[in-house]
Trainee: 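This is the structure I have questions about; it appears just below.
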There are 2 protein chains.
Amino acid sequence: MNYVELLKQNNLKATPQRLKIVEVLYMKGHLNIDEIYRVLKNSFPSISLATIYKNINSMIEISFLSEVKIPQQKSVYELTKSEHAHVVCSKCNSILDIELDTSDIVTQASKLSHYNLDKSSIVFNGICSECSSKG
Amino acid sequence: MNYVELLKQNNLKATPQRLKIVEVLYMKGHLNIDEIYRVLKNSFPSISLATIYKNINSMIEISFLSEVKIPQQKSVYELTKSEHAHVVCSKCNSILDIELDTSDIVTQASKLSHYNLDKSSIVFNGICSECSSKG
DNA sequence: CTGACTGCAAACGTTTTGCACGGTA
DNA sequence: TACCGTGCAAAACGTTTGCAGTCAG
């Protein structure tokens, strides 16, 4: 997968700052704005928060990134993939992507609501195995 | 169900403003901060947004209200009920509560994640029947 | 070379805080 | 009566905007 080309196809220039955001999200999976800012500062000490916001927003606009809203927490951002659910640890806040077969609940929801559904956003909360074993 | 007593049990006084917020959420189901403010202004023309915020927050703290985070929209607030999913119309923004049997996906999610899950937050997006028929 | 991007500072919108007054219990 | 809650104004946040200089294509 070539990020540079994908950005250019959407009329976004492949600047070092932008590519770093993509790289960081690719490696870490999910980060909130502050976390992205802090990491980018390592590579670009004079980077501005405004640049982070502008880039996040422009890449969301082309559906290259997605915002994930999590109950009682700040939103995090991720590279857009096929639809999937998230599992969040209530202790350490680690976030995991999982691919669920949602056909059953989508059918249920359609019948109950009579809405024509096309998207679902599913977040589970719980304790990860690491935090469980630590007591 | 007696709201006044429930509030008192949690050391919150049953002020007219607070009771109105509860009443409005009971009747309308889901409202965001601005909507609550606008409605409350009818009954209390001099009410302050700060009062709305303080009350929403104090009632969330005692789990009397819940915040519902919806992708690409402002959060809305509702009276806390038993766990349920939400269906949101992407055209008119109407929100519906639905009770799903989530045991299957919770099982899936537990197996895939190895997290000890205790809560799920599910929001579907789609078009409601009214908006569908209107084209 | 040109338009898009960066970084700074200022503006903006939202939420929180401090305080004097008023109302609930 | 003792506090808690209200409403106002100010402060604190988080995010967006405008602009001059810089860089990618």
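For the numbers below, each heavy atom of this structure counts, side chains included, while hydrogens, waters and symmetry mates do not. Proteins come first, then strands; the chains are lettered A, B, ... in the order of their sequence lines, and each starts at number 1.
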Trainee: Looking only at side-chain atoms of N55(A), point me to the closest of dC8(C), dT6(C), dC8(D).
Mentor: dT6(C)
Trainee: Given atom CG of N32(A) and atom P of dC13(D), what is their separation to the nearest angstrom?
Mentor: 16 Å
Trainee: Kindly compute the distance separating OH (Y77(A)) from CG (N57(A)), expressed to the nearest 0.5 Å.
Mentor: 7.0 Å
Trainee: Indicate, with a heavy-atom threshold strictly under 4.0 Å, whether T51(A) touches base, sugar-phosphate, or nothing.
Mentor: base
Trainee: Rounded to the nearest angstrom, tell me the gap between atom CG in L49(B) and atom P in dA12(D).
Mentor: 19 Å
Trainee: When the distance from CZ of F44(A) to P of dG7(C) is rounded to whole Å, what number comes out?
Mentor: 8 Å
Trainee: Take the protein atom NZ of K41(A) and the nucleotide atom C1' of dG7(C), then report the distance between them rounded to whole Å.
Mentor: 10 Å
Trainee: What's the shortest heavy-atom distance between S103(B) and T107(B), and which atoms?
Mentor: O-OG1, 2.7 Å
Trainee: Does P71(A) offer a backbone N or O that forms a donor-acceptor pair with the side chain of K69(B) under 3.5 Å?
Mentor: no
Trainee: Measure CG/L19(B) against C1'/dG5(D) and give the value in whole Å, please.
Mentor: 12 Å
Trainee: What pair of heavy atoms forms the shortest contact from E99(B) to S82(B), and how long is it?
Mentor: OE2-OG, 3.5 Å
Trainee: May I ask you to evaluate whether N11(A) reaches the phosphate of dA4(C), defined as a side-chain N or O under 4.0 Å from OP1 or OP2?
Mentor: no
Trainee: Flag the pair E23(B) and K20(B) as a salt bridge only when some basic side-chain nitrogen lies within less than 4.0 angstrom of an acidic carboxylate oxygen.
Mentor: yes
Trainee: Using a 4.5 Å cut-off on heavy atoms from C-beta on, say whether the side chain of D97(B) contacts that of E78(B).
Mentor: yes
Trainee: Restricting both atoms to N or O, compile the protein contacts to nucleotides 17-20 of chain C shorter than 3.5 Å, with distance only.
Mentor:
| residue | atom | partner | partner atom | Å |
| --- | --- | --- | --- | --- |
| dG18(C) | O6 | K54(B) | NZ | 3.1 |

Trainee: Tell me the interatomic distance from I47(A), atom CD1, to dC8(C), atom C1', rounded to whole angstroms.
Mentor: 13 Å
Trainee: Indicate whether the side chain of S75(A) and that of E67(A) have a donor and an acceptor atom separated by less than 3.5 Å.
Mentor: yes
Trainee: Can a side chain N or O of Q17(A) be found less than 4.0 Å away from OP1 or OP2 on dC23(D)?
Mentor: no
Trainee: Whole angstrom is fine here: how far is it from OH in Y37(A) over to P in dC13(D)?
Mentor: 15 Å
Trainee: Apply the hydrophobic cluster definition, ILVMFWY joined by side-chain contacts under 4.5 Å directly or through others, and give me every member besides V106(A).
Mentor: V87(A), L96(A), I98(A), L100(A), I105(A), L112(A), Y115(A), L117(A), I122(A), F124(A), V87(B), L96(B), I98(B), L100(B), I105(B), V106(B), L112(B), Y115(B), L117(B), I122(B), F124(B)
Trainee: What are the atom names and distances for every N/O pair under 3.5 Å that joins the protein to nucleotides 23-25 of chain C?
Mentor:
| residue | atom | partner | partner atom | Å |
| --- | --- | --- | --- | --- |
| dG23(C) | N2 | K13(B) | NZ | 3.4 |
| dT24(C) | O2 | K13(B) | NZ | 2.9 |
| dA25(C) | OP1 | A14(B) | N | 3.1 |

Trainee: Can you tell me how far P of dG5(D) sits from CD1 of I56(B), to the nearest Å?
Mentor: 14 Å
Trainee: Do D118(B) and I127(A) have side chains that get closer than 4.5 Å, going by heavy atoms?
Mentor: no
